[in-house]
Amino acid sequence: MDEEDEAARILREVFGYPQFRGEQRQIVAHLIAGGDALVLMPTGGGKSLCYQIPALARDGMGVVVSPLIALMQDQVAALREAGVRAAALNSAMSWPQVQETERRARAGELDLLYVAPERLLTERCLSLLDRCRLALVAIDEAHCVSQWGHDFRPEYLQLAVLADRYQSVPRIALTATADIATRKEMIERLRLRDPRVFVASFDRPNIRYRIAEKDTPRRQLLRFIREEHPGESGIVYCLSRASVEDTAAQLAREGIDALPYHAGLDSGTREDNQRRFIRDDGIVMVATIAFGMGIDKPDVRFVAHLDLPKSIEGYYQETGRAGRDGLPADAWMVYGLQDVVQQRRMIDQSEASAEYKRVATAKLDALLGLCETTQCRRVRLLDYFGEDSAPCGNCDNCLERPQEWDGTVAAQKLLSCIARCRSATGFGFGAQHVIDILRGNRTAKVEQFGHEGLSTFGIGADLEVAQWRSVLRQLVMLRLVEVDTERYSVLRLTAASREVLRGERAIWLRRAVDRDAVRPASRRPVDRTRVTAAQAARVLSDGSVPAADDGTHLALFETLRAWRLQVAREHGVPAYTVFHDATLEEIARRRPGSTAELRAVSGVGAVKLERYGPAVLDLVQGAQPGVTPAPAP
Ligand code: ADP
Ligand code: ZN
């Protein structure tokens with residue numbers, strides 16, 4: 001049997017998948033043949049199989065360097081569910097457990113060993129590995145070698161010792177970070193030998209990107225979760241610890257299973273919350289960006305941003321945590337004027353060098369451009385990573401094209417109103433007051449300053465308050481208005497404003513859209529009726545176009561999910577390690593009537609078939625079409 005057949009056999013037999021995804025086949029073949037590789041794939045792209053399969057196909061044990069101890073155990077549990085002989089060595093283990101694992105490694109009883117970098121570099125561990133036959137070394141999250149990135153880990157630099165110590169052992173470095181500078185750093189610092197570099201498409205077709213204007217953020221979020229993702233797992237990102245706490249508490253009061261996560265919580269609470277998020281179904285994690293690296297929970301159905309991230313890289317990394325299983329998922333964000341002002345202020349007030357500030361500002365502006373664009377969000381995102389694409393049909397702008405309007409006159413009105421009230425009074429005013437003047441509202445403050453006498457009083461009655469706010473936000477983004485955060489957020493013109501006032505520059509604005517009108521992406525994982533056939537075909541592992549939902553399908557899916565949760569609790573493992581949502585979904589859709597039919601479902605490997613086949617077939621049989629299934633155990 002040649003190597004490629006062996007790889008395909010392992011994919012099918014052990015992992016239960018009918019075919020490789022993207023370049024997995026080539027990567028696996030290259031490693032089996034003994035070559036080094038650098039693999040860049042988006043989150044959820046399927047990096048793990050790239051080293052797990054060669055580790056099984058080659059003689060000896062695969063060593064996986066992974067930075068997050070807390071998550072190692074789950075990776076090992078998932079492999080064991082599939083019948084792979086996997087173990088971890090880390091500081092969370094007891095001494096007898098460590099000794100037993102070392103014994104198994106020496107005895108050649110392990111296919112895969114997961115180790116944290118600091119542990120790997122100890123003499124004890126290296127001398128253990130000296131005595132083992134090694135199939136390969138995989139270095140996960142390899143961008144941690146980059147001193148410029150925010151995930152830098154000094155231990156990663158020392159991993160270069162593996163190049164000399166295990167010269168004949170192929171090494172593979174993996175990351176979801178795309179940029180070219182980091183790519184070079186990884187190759188050099190890890191001293192990969194003549195590596196083949198595999199760069200996957202960074203597109204995540206099952207993620208629906210949606211960016212709306214911030215109005216009442218917590219209420220918007222609550223409605224989004226209630227109406228579109230009830231009972232499902234999701235992550236909500238907030239900028240500050242305080243807003244993490246408040247948001248989590250509020251969601252919890254509203255009956256949503258929400259937990260907080262930020263660096264200010266003690267490590268016990270953090271770990272508990274993370275564990276619950278991974279293990280249970282349907283937890284919403286409200287977090288700062290401290291949360292997320294290495295979380296490979298496949299069934300996160302949404303990632304919501306209540307505050308603006310700092311860059312498109314950040315946004316893409318965070319949203320990438322949704323929908324790793326390939327089923328429809330939402331990346332949902334609300335943003336407003338305050339976000340722009342706050343992020344700019346953070347850059348201005350930081351102690352960093354002028355060069356750093358320039359880069360940070362450019363990155364923020366690229367993200368703001370994404371927020372305000374009327375074009376396909378995905379095209380814009382992929383373009384940022386150097387990839388060409390066509391409008392996707394699965395983002396808010398594609399689904400409902402926002403209109404652009406000639407905002408030149410509105411911009412002139414707003415700018416001159418800002419100028420007039422400043423020159424009439426000798427100091428500036430904030431957004432609310434300026435909009436009151438434009439709309440002709442005789443508020444106490446307007447009368448106090450005699451602003452009803454300004455020539456701009458009432459010239460903007462044609463636009464609603466919300467529309468004026470939208471105009472203002474876009475002018476701030478375009479740097480035609482400045483918000484002075486030092487002094488009561490008063491508005492000020494900029495050098496560029498004059499061009500607009502003189503009529504030398506036309507201003508096209510994005511019309512505020514009622515995003516509630518955009519239909520949700522993914523009420524339930526099984527509800528594919530809202531995904532276009534083309535996307536579904538890309539999403540479904542067998543390439544088939546899904547049948548329409550007949551109701552029993554959904555009920556059976558829920559029954560299977562409840563059964564899965566019970567099994568997972570009994571085994572003390574995360575629910576997804578038993579079967580993924582995608583697998584349960586396919587079972588519910590196909591209703592296999594025999595072991596052979598069940599075996600054909602993607603994600604059902606030999607060991608799982610033996611372990612769970614009878615129970616699953618019973619549940620399927622108990623749920624005949626047209627018959628309401630018995631409630632789950
Ligand atoms: P990454 O580490 O790149 O973020 P993972 O390795 O965790 O991604 O894979 C993401 C998900 O895709 C996992 O649930 C995995 O089981 C699934 N997957 C990977 N490769 C395949 C494949 N060839 N066919 C079907 N599912 C796959
Ligand atoms: Zn699109």
Side-chain angles (χ1 to χ4, degrees), residues 42-45 71 176-177 202-212 214 217-218 220-239 243-244 247-248 251 256-262 273-274 276-278 280-335 339 367 370-371 377-378 380-382 384 392 394-396 515 518 520-525 531 539 576 581:
T43 309
L71 303 168
T177 301
F202 270 69
D203 188 17
R204 298 288 308 281
N206 60 313
I207 297 183
R208 176 169 293 183
Y209 298 99
R210 297 159 61 184
I211 302 176
K214 197 182 269 190
R218 300 236 173 95
Q220 285 172 292
L221 174 70
L222 186 64
R223 195 167 53 205
F224 166 69
I225 297 177
R226 275 211 181 128
E227 291 178 4
E228 304 187 32
H229 296 285
E232 296 182 340
S233 282
I235 305 174
V236 178
Y237 282 111
C238 303
L239 201 58
S243 80
V244 163
T247 306
L251 290 179
I256 288 166
D257 227 342
L259 297 173
Y261 189 105
H262 58 71
N273 289 357
Q274 174 168 307
R276 279 197 54 203
F277 174 73
I278 292 172
D280 291 1
D281 278 338
I283 302 260
V284 174
M285 188 68 111
V286 186
T288 60
I289 55 169
F291 178 75
M293 187 172 56
I295 301 282
D296 55 6
K297 186 174 169 62
D299 54 359
V300 176
R301 294 268 65 87
F302 68 89
V303 169
H305 280 92
L306 276 190
D307 295 302
L308 208 59
K310 292 180 174 45
S311 64
I312 288 186
E313 287 96 327
Y315 173 75
Y316 208 63
Q317 201 171 42
E318 285 145 32
T319 55
R321 290 166 188 149
R324 278 169 177 246
D325 53 11
L327 296 180
D330 276 303
W332 181 96
M333 176 158 82
V334 288
Y335 86 110
D339 290 288
L367 180 66
L370 173 74
C371 294
R377 309 265 191 209
R378 192 180 314 269
R380 190 92 178 206
L381 281 166
L382 292 175
Y384 187 82
C392 71
N394 194 29
C395 72
D396 52 3
R515 284 303 183 191
V518 175
S522 51
R523 235 294 289 139
R524 308 295 296 171
V531 184
V539 163
Y576 69 81
D581 277 357

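Across Ala176 and Pro42, no two heavy atoms sit closer than the pair CB-C, 4.2 Å. Annotation for Cys371 and Leu308: closest pair SG-CD1, 3.8 Å, computed over non-hydrogen atoms. The two residues Leu367 and Pro309 make their nearest non-hydrogen contact at CD2-O, 3.1 Å. Of all the heavy atoms in Asp299 and Asp325, the pair that sits closest is CA-OD2, 3.6 Å. Listed here is the closest heavy atom pair of Ala331 and Ile207: CB-CG2, 3.7 Å.
Residues in residues 309-322 take part in these salt bridge (Lys or Arg N to Asp or Glu O under 4.0 Å) pairs, two or more places apart or across chains: Glu313-Lys363.
For the atom pair CG (Leu221) and CG (Leu306), the distance works out to 5.0 Å, reported to the nearest 0.5 Å. Here Thr319 contributes atom OG1 and Ile235 contributes atom CD1; the two are 10.0 Å apart, rounded to the nearest 0.5 Å. Between atom CZ of residue Arg204 and atom CG of residue Asn206 there is a gap of 5.5 Å, rounded to the nearest 0.5 Å. A distance of 4.0 Å separates CG of Leu370 from CD1 of Ile211, quoted to the nearest 0.5 Å. If you take CG on Leu381 and CD1 on Ile312, they are separated by 6.0 Å, rounding to the nearest 0.5 Å. For the atom pair Ile225 CD1 and Gln220 CD, the distance stands at 12.0 Å (nearest 0.5 Å).
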Does the side-chain contact (heavy atoms from CB on, under 4.5 Å) test come out yes or no for Phe302 and Val284, once each step is laid out? CA-CA 9 Å; Phe302 68 89; Val284 174; 3.9 Å; yes

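The aromatic rings of Tyr315 and His305 lie tilted to each other, with the angle between the two planes from 30° to 60°.
Checking side-chain atoms of Asp396 against main-chain N and O of Ala212 turns up no donor-acceptor pair under 3.5 Å. Of the possible polar contacts, none joining the Arg218 side chain to the Leu251 backbone as a donor-acceptor pair under 3.5 Å is found. Using modelled atom types, no side-chain atom of Asp257 and backbone atom of Ile283 make a donor-acceptor pair closer than 3.5 Å. Checked by atom type and distance alone, the side chain of Arg301 pairs as donor or acceptor with a backbone atom of Leu327 at under 3.5 Å.
Judged as a side-chain contact (heavy atoms from CB on, under 4.5 Å), and not counting sequence neighbours, the contacts of Asp296 are Gln75, Arg324, Tyr576. Qualifying ring pair (Phe, Tyr, Trp, His ring centres under 6.0 Å) partners for Tyr209, counting only residues two or more places apart in sequence or in other chains: none. Not counting sequence neighbours, the partners of Ala248 by the side-chain contact (heavy atoms from CB on, under 4.5 Å) test are Pro260, Val286. Shown here are the side-chain contact (heavy atoms from CB on, under 4.5 Å) partners of Asp307, two or more places apart in sequence or in another chain: Lys214, Cys238, Leu239, Ser243, Asp339. Every residue meeting the salt bridge (Lys or Arg N to Asp or Glu O under 4.0 Å) condition with Arg378, not counting sequence neighbours, appears here in chain and number order: Asp203.
The shortest distance between side-chain heavy atoms of Phe224 and Asp330 falls below 4.5 Å. Inter-residue side-chain proximity for Leu259 and Gln274 is flagged as unmet; no heavy-atom pair is nearer than 4.5 Å. At least one side-chain heavy atom of Val303 sits less than 4.5 Å from a side-chain heavy atom of Tyr237. Counting only heavy atoms from C-beta outward, the side chains of Phe291 and Phe277 approach each other to under 4.5 Å.
Taking 4.0 Å as the cut-off between side-chain N and carboxylate O, Glu228 and Arg208 do not count as a salt-bridged pair.
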